[in-house]
Amino acid sequence: MPTPPPPPSVLFVCVHNAGRSQMAAAFLTHLAGDRVEVRSAGSAPADTVNPAVVEALAEVGIDISAEVPKVLTVDAVQASDVVITMGCGDTCPFFPGKRYLDWELPDPAGQGVDAVRPIRDEIEKRVHELLGEITGK
């Protein structure tokens with residue numbers, strides 16, 4: 001019996017890896033479990049995840065309090081099937097054969113939780129759509 005193909009992999013990228021990409025990765029991990037390999041990174045990572053983002057996700061039952069912003073590497077891009085950028089512009093490396101999506105979303109940096117909630121909800125909606133596309137379910 002042949003081995004099953006590896007799960008699709010998705011990389012979420014924003015500048016600081018402290019808000020949008022963390023939320024997107026958390027939602028996809030929460031919704032997909034082990035059906036999708038999920039990564040997130042930033043072109044200029046912050047020291048910590050935005051506390052308002054941590055709070056906004058906690059409100060919907062997702063704990064990212066232990067997450068740490070990670071630096072974007074060429075290896076992470078090469079290992080991913082889908083790369084979703086969120087405002088990192090030209091700092092994201094491009095490789096032929098990868099599927100790239102750009103999600104234009106407000107940056108939650110410096111915002112309170114009231115401003116983060118609508119960004120969180122939009123990311124959740126887009127992640128649901130993405131999951132349906134890449135898993136066929």
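Keep in mind it's a predicted model, so treat the numbers as computed, not measured.
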Query raised in the report: So with a 6.0 Å cut-off around CD of Glu104, is the heavy-atom count from everything else above 12?
Result: no
Query raised in the report: Within a strict 4.5 Å, meaning less than it, do heavy atoms of the Met23 and Leu57 side chains meet?
Result: yes
Requested in this report: Enter the distance from Arg39:CZ to Lys70:NZ here, rounded to the nearest 0.5 Å.
Outcome: 11.0 Å
Requested in this report: Check whether Val71 and Val74 end up in the same hydrophobic cluster, where Ile, Leu, Val, Met, Phe, Trp and Tyr are linked by side-chain heavy atoms less than 4.5 Å apart.
Outcome: no
Report task. Look at the side-chain heavy atoms of Ile, Leu, Val, Met, Phe, Trp and Tyr, link any pair under 4.5 Å apart, and say whether Leu28 and Val68 land in one connected group. Result -> no
**Report entry** Inter-residue atom distance Asp107.CG - Arg20.CZ, 0.5 Å rounding
**Finding:** 4.0 Å
**Report entry** Same apolar cluster (I L V M F W Y, side chains within < 4.5 Å links), Val54/Val113
**Finding:** no
Report task. Give me the one residue out of Pro8, Ser80, Ser9 that meets side-chain contact (heavy atoms from CB on, under 4.5 Å) with Glu37. Result -> Ser9
Report task. Decide, yes or no, whether a salt bridge links Arg99 with Asp81 under the criterion of side-chain N to carboxylate O below 4.0 Å. Result -> no
Query - Shortest non-hydrogen separation from Ser21 to Ala41 and the atoms involved - result: OG-O, 3.9 Å
Query raised in the report: Is any NZ, NE, NH1 or NH2 atom of the basic residue among Glu133 and Arg126 found under 4.0 Å from an Asp or Glu carboxylate oxygen of the other?
Result: no
Query raised in the report: Does one hydrophobic cluster hold both Leu105 and Leu101, with members joined at side-chain heavy-atom distances below 4.5 Å?
Result: yes
Query raised in the report: With a 4.5 Å limit on heavy-atom distance, are the side chains of Asn17 and Gln22 in contact?
Result: yes
Report task. Drop me the distance from Ile84's CD1 to Ser40's OG, to the nearest 0.5 angstrom. Result -> 11.5 Å
Report summary line: Closest heavy-atom pair, Ala18 versus Thr48, reported as atoms and distance to 0.1 Å, is CB-O, 3.4 Å
Query raised in the report: Roughly how far, to the nearest 0.5 Å, is CD1 of Ile62 from CD of Glu124?
Result: 7.0 Å
Report summary line: Heavy-atom nearest pair, Val36 first then Ala32, reads CG2-CB, 3.7 Å
Report task. Would you give the length of the straight line joining atom OG1 of Thr85 to atom CG of Asp102, rounded to the nearest 0.5 angstrom? Result -> 3.5 Å
Report task. Kindly indicate whether the side chain of Val77, heavy atoms from C-beta on, has any atom under 4.5 Å from the side chain of Thr73. Result -> no
**Report entry** Heavy-atom check, side chain of Val15 versus side chain of Met86, under 4.5 Å
**Finding:** no
Query raised in the report: Are any of the side-chain heavy atoms of Arg35 and Pro7 separated by less than 4.5 Å?
Result: no
Query - Residue pairs, two or more places apart or on separate chains, that pass ring pair (Phe, Tyr, Trp, His ring centres under 6.0 Å) and touch residues 10-44 - result: Phe12-Trp103
Report summary line: Nearest heavy-atom approach of Pro118 to Asp114 is CD-O, 3.3 Å
Query raised in the report: Rounded to the nearest 0.5 Å, how far does CG of Leu31 lie from OG1 of Thr135?
Result: 10.5 Å
Query raised in the report: Is there side-chain contact between Val82 and Leu11, with at least one heavy-atom pair below 4.5 Å?
Result: no
